[in-house]
Amino acid sequence: HNMRNFEISNPKYSTLPSIPKSSALTLSQSDLDLADSGYMPSKNSTVTLKLQNAMKRGAPKLPAAAPPSKKADQKRKRENSSGVFSAAELKQKSSFVVDPLQGRTSSIFDMLLSGSLDVSNVFKIVGRGGVSRMLANGKLDDELSSIGKFFEKGSTLGEATAFTNRAVAKTKNVKPSSSINVGRPESIKKTVYCSNEHPVHEMQFYNIGGTRVYCYYGLDTVQSADSVLKAGLHVRDTAVGVLVLDKYFINQRPGDPSNPLTFWPYQTFYASPQGLTFAECKKVGSSGSNALVDHPLQTTVICQALQSLAEVAARQGYKRLIITGDCGYYALATAAYSKRLTCWGRQSWIPHPDGAFAGFRVPRFKCPSLEIDIVLSLGTTQLISDVDNTKNLIANIAEGAGVIYLTADIRGFYHGKAKEEVSKEYEPFQDFPQATVDDIFQDLSMLDVVVHVNDYLLDSIAIQADATYFTHISNRLIEFDPGSTSCLIGLFLGHKASQQSGKGTIEEKVWNSATYLKPFVEGMSMAENGLPCPRDEVVEKCAPIFDYFRQIFLESLNSARKEDGLEALEKITEAQEFLMYAALIGNPKLQGEPAPNNWQEMKLWTALRMQSALLSLLSIGKMMDQNNCLPIGAAYADFYANFNADLNKNVLSKVDRSHGIDGKSLLLFDCRYIPGFGIQVDKSLTVWIAAKNYFWISTVLRRFARIMQERGLGPVLCHLECTELFSFSPFLQEMGMPVVDAVNSISIASRCTDA
């Protein structure tokens, strides 16, 4: 692939989310407690809460908005002259208070310019996932801690309502009708919408049997009313249920089940089974139909969540509920849930009188006590959730054809001895080589570090075209701590590769730099005796990296200063450099140790991380078939595609299993170590959708498919287990491979109904 042509020909895949500029940051303990509670409010919104008694239901009144400042009032007047509604007008017409925001993308450079942050505060921000970006862009409302408590184990709060009182609003340019003042939109419902990634007016929370159920209201004012008309009458009697994970919230963009607009205009209800984390969900899924025996408590908690979804939907007047999952591992144990829910006392489900299945391996029920029909379509893995070939997808595909299942973690499909055998294949790539400091990357593996390097390798191309692109990178790096230094190594090595002489575009030089960069990496990390360079030489060895980023920091900072009408700086100070690295990589010292208190200490520990990352590249490079290169760019794509192919052939085809994966016709492809994806899912980080993310997934997947076809496999199609992959579904299909995910699976299952 030529990355330049790729971005030009696919502009819709090359954008990054922006974060509005906000006021200076102050942090309270309640802010930090909330960040760790697992609740993730809308990224660009502040929220006012009103807690309700479960016995006093009804729509509470919208809290009054804070009086606008003089400057904000002047801004609204200017915007109203161009036809944008004021906050007061929107409050009256749509019960939604809007405070328009302007300003460039916020980043760590705004922190520097504000002068309100010291290093100790910056260290508190970094490494908290998506919440880090929220903390970096404004103080979280203290009242939000109440919602955090609502999700705590043992909470007895029955209901809660969250109202959005700040969001970005825009109006479409439409021709005004004669009955409306010039410049005003024709219809509030048709023309007012939020450019915020989370355009939500109200969230309603329920606590039913320990399951937290929530839903969004007010979407009819942010989406076209025409959508409702196209959906037909059943939009009023059919709802969608989504089984989510506890304390796990990554992807809030349309296409992912966690986004309320994915199933628009159908109302969506979300249920979070208490204590069902990503790890626990994988345990249940790996047991398949035996989940009730192997994990009775967790399976019952999931069944309670499914029952709670049906209860809330019925309470709201819906007659039909189609349930999917926000994690593909849920679907592997569908048979176990079905068995348990048919024995649920007076609220037991029964096979639907019109047919027990909505589709292949998709059960269909009726709950007489709630008077609601239920279709249980949790994900594509339902189709392979039985080891009996007559009951899984292999019985329904042509001989020689194959299905590739993309998953967030192959090991999550197995348990017991089988999981141990699969895990052994990963072990050589987990432990770090001999280095100056042990456990410097905490819970990351050596392969994780290599993935981080590759994730940011191609970003170096964008930085060379425009140094201010580093602003986007800083907003991504602030989410995590261990491993972020490896991302900086990727940027630097990409820059170094682009400087080599010879023919080829800059993209080709960076992508095919595995051999060229090896001597350079050896020189920066190894001593003359072939061992890692000693501690007192590490900073000097890494001097070219520090020099490179010092220039990047200066250019980015001056760009921000220019936009704010400030003079350019000739150089940055050590204090500014200290703050920069603190915001980018957090505390580089060992876990539990206090953060550095001066630049020299920070520089040493940062250099030690850099050296460990460079040594990891060399160590894994030695394990590759061609050990004269580094696992970078094209070489890494080949290495990882072959690793997955061999894993299916040599291990997955032989181990005991509770599902239909046979390593021959039904294959697993592990996205855990695809740059920009697997680590983000595993660590609850944002899965970005820049051009490079589409490039990496499509490149490695297609190489894997080609290898398997060279080994005798016929036509292949792709099923997506991980819901964070759904943002890539249309793109992968455009690449020529048929793709099925959980969202279009429920569309298929719904055909058994008249909805």
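We use all heavy atoms of the structure for the numbers below, so side chains are in, but hydrogens, waters and symmetry mates are not.
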Checklist entry - Do S727 and V687 touch side chain to side chain, with heavy atoms closer than 4.5 Å? => result no
Next on the checklist: Applying side chain to side chain donor-acceptor pair (under 3.5 Å) to S747 and N744, what does each step give before you reach the verdict?
Outcome noted: CA-CA 5 Å; S747 178; N744 46 45; over 6 Å; no
Checklist entry - For the ring pair F429 and F643, is the centre-to-centre distance below 6.0 Å? => result yes
Next on the checklist: Is there a side-chain contact (heavy atoms from CB on, under 4.5 Å) between I410 and N644? Walk through the geometry before answering.
Outcome noted: CA-CA 10 Å; I410 278 183; N644 275 273; 4.0 Å; yes
Item to check | S729 versus Q733, side-chain donor and acceptor atoms under 3.5 Å | outcome: no
Checklist entry - Would R672 and D409 pass as an ion pair if we require N to O under 4.0 Å? => result no
Item to check | is_close_aromatic(F704, Y640), centroid dist under 6.0 Å | outcome: no
Checklist entry - Is a side-chain N or O of S385 found less than 3.5 angstrom from the main chain of Q382, in a donor-acceptor match? => result yes
Checklist entry - Would you call K417-D656 a salt bridge at under 4.0 Å N-O? => result no
Item to check | Test of ring centre spacing under 6.0 Å for F669 and H719 | outcome: no
Item to check | Side chain T299, main chain P296, donor-acceptor under 3.5 Å | outcome: no
Next on the checklist: Ring-plane angle category for Y214 and F205, please: parallel below 30°, perpendicular beyond 60°, tilted otherwise.
Outcome noted: tilted
Item to check | Selection residues 346-366 - residue pairs positive for ring-ring contact (aromatic ring centres under 6.0 Å, His included), sequence neighbours left out | outcome: W349-F365
Checklist entry - Where the side chain of D662 meets the backbone of S665, is there a donor-acceptor pair that is under 3.5 Å apart? => result yes
Checklist entry - Above 12 or not: heavy atoms from other molecules or residues under 6.0 Å from CD of E427? => result yes
Checklist entry - With no hydrogens and no angle check, is any side-chain donor or acceptor of N648 less than 3.5 Å from a backbone partner on L668? => result yes
Checklist entry - Quick check: does any side chain N or O of N454 sit under 3.5 Å from a backbone N or O of P631, one acting as donor and the other as acceptor? => result yes
Item to check | Side-chain donor/acceptor of T723 to backbone N/O of D326, under 3.5 Å | outcome: yes
Item to check | Chi angles and distances behind the side chain to side chain donor-acceptor pair (under 3.5 Å) call for D670, Y426 | outcome: CA-CA 11 Å; D670 197 350; Y426 291 84; 2.5 Å; yes
Next on the checklist: Please determine whether a side-chain nitrogen of the Lys or Arg among D373 and R364 lies less than 4.0 Å from a carboxylate oxygen of the Asp or Glu.
Outcome noted: no
Next on the checklist: Using a 3.5 Å distance criterion without hydrogens, assess whether the side chain of T380 forms a donor-acceptor pair with backbone atoms of L720.
Outcome noted: yes
Item to check | F413 and Y329 aromatic ring geometry - parallel, tilted or perpendicular at 30°/60° bounds | outcome: perpendicular
Checklist entry - If you look only at pairs with a residue in residues 375-401, which of them pass as a salt bridge (Lys or Arg N to Asp or Glu O under 4.0 Å), with sequence neighbours excluded? => result R361-D386
Next on the checklist: Tell me whether R320 contacts the main-chain N or O of Y318 through its side chain, where contact means a donor paired with an acceptor under 3.5 Å.
Outcome noted: no
Next on the checklist: Would the distance check show the side chain of S272 and the main-chain N or O of V244 forming a donor-acceptor pair, the cut-off being under 3.5 Å?
Outcome noted: no
Checklist outcome for this item: By ring pair (Phe, Tyr, Trp, His ring centres under 6.0 Å), Y330 pairs with (sequence neighbours left out) none
Next on the checklist: Keeping D682 on the side-chain end and G678 on the backbone end, is there a donor-acceptor pair under 3.5 Å?
Outcome noted: no
Next on the checklist: Within the structure provided, determine whether L332 and S286 are in side-chain contact (heavy-atom separation under 4.5 Å).
Outcome noted: no
Next on the checklist: Assess whether a salt bridge exists between E420 and K424, defined as any Lys/Arg side-chain N lying under 4.0 Å from an Asp/Glu carboxylate O.
Outcome noted: no
Item to check | Evaluation steps, side-chain contact (heavy atoms from CB on, under 4.5 Å), between L701 and M737 | outcome: CA-CA 10 Å; L701 173 61; M737 184 180 296; 4.2 Å; yes
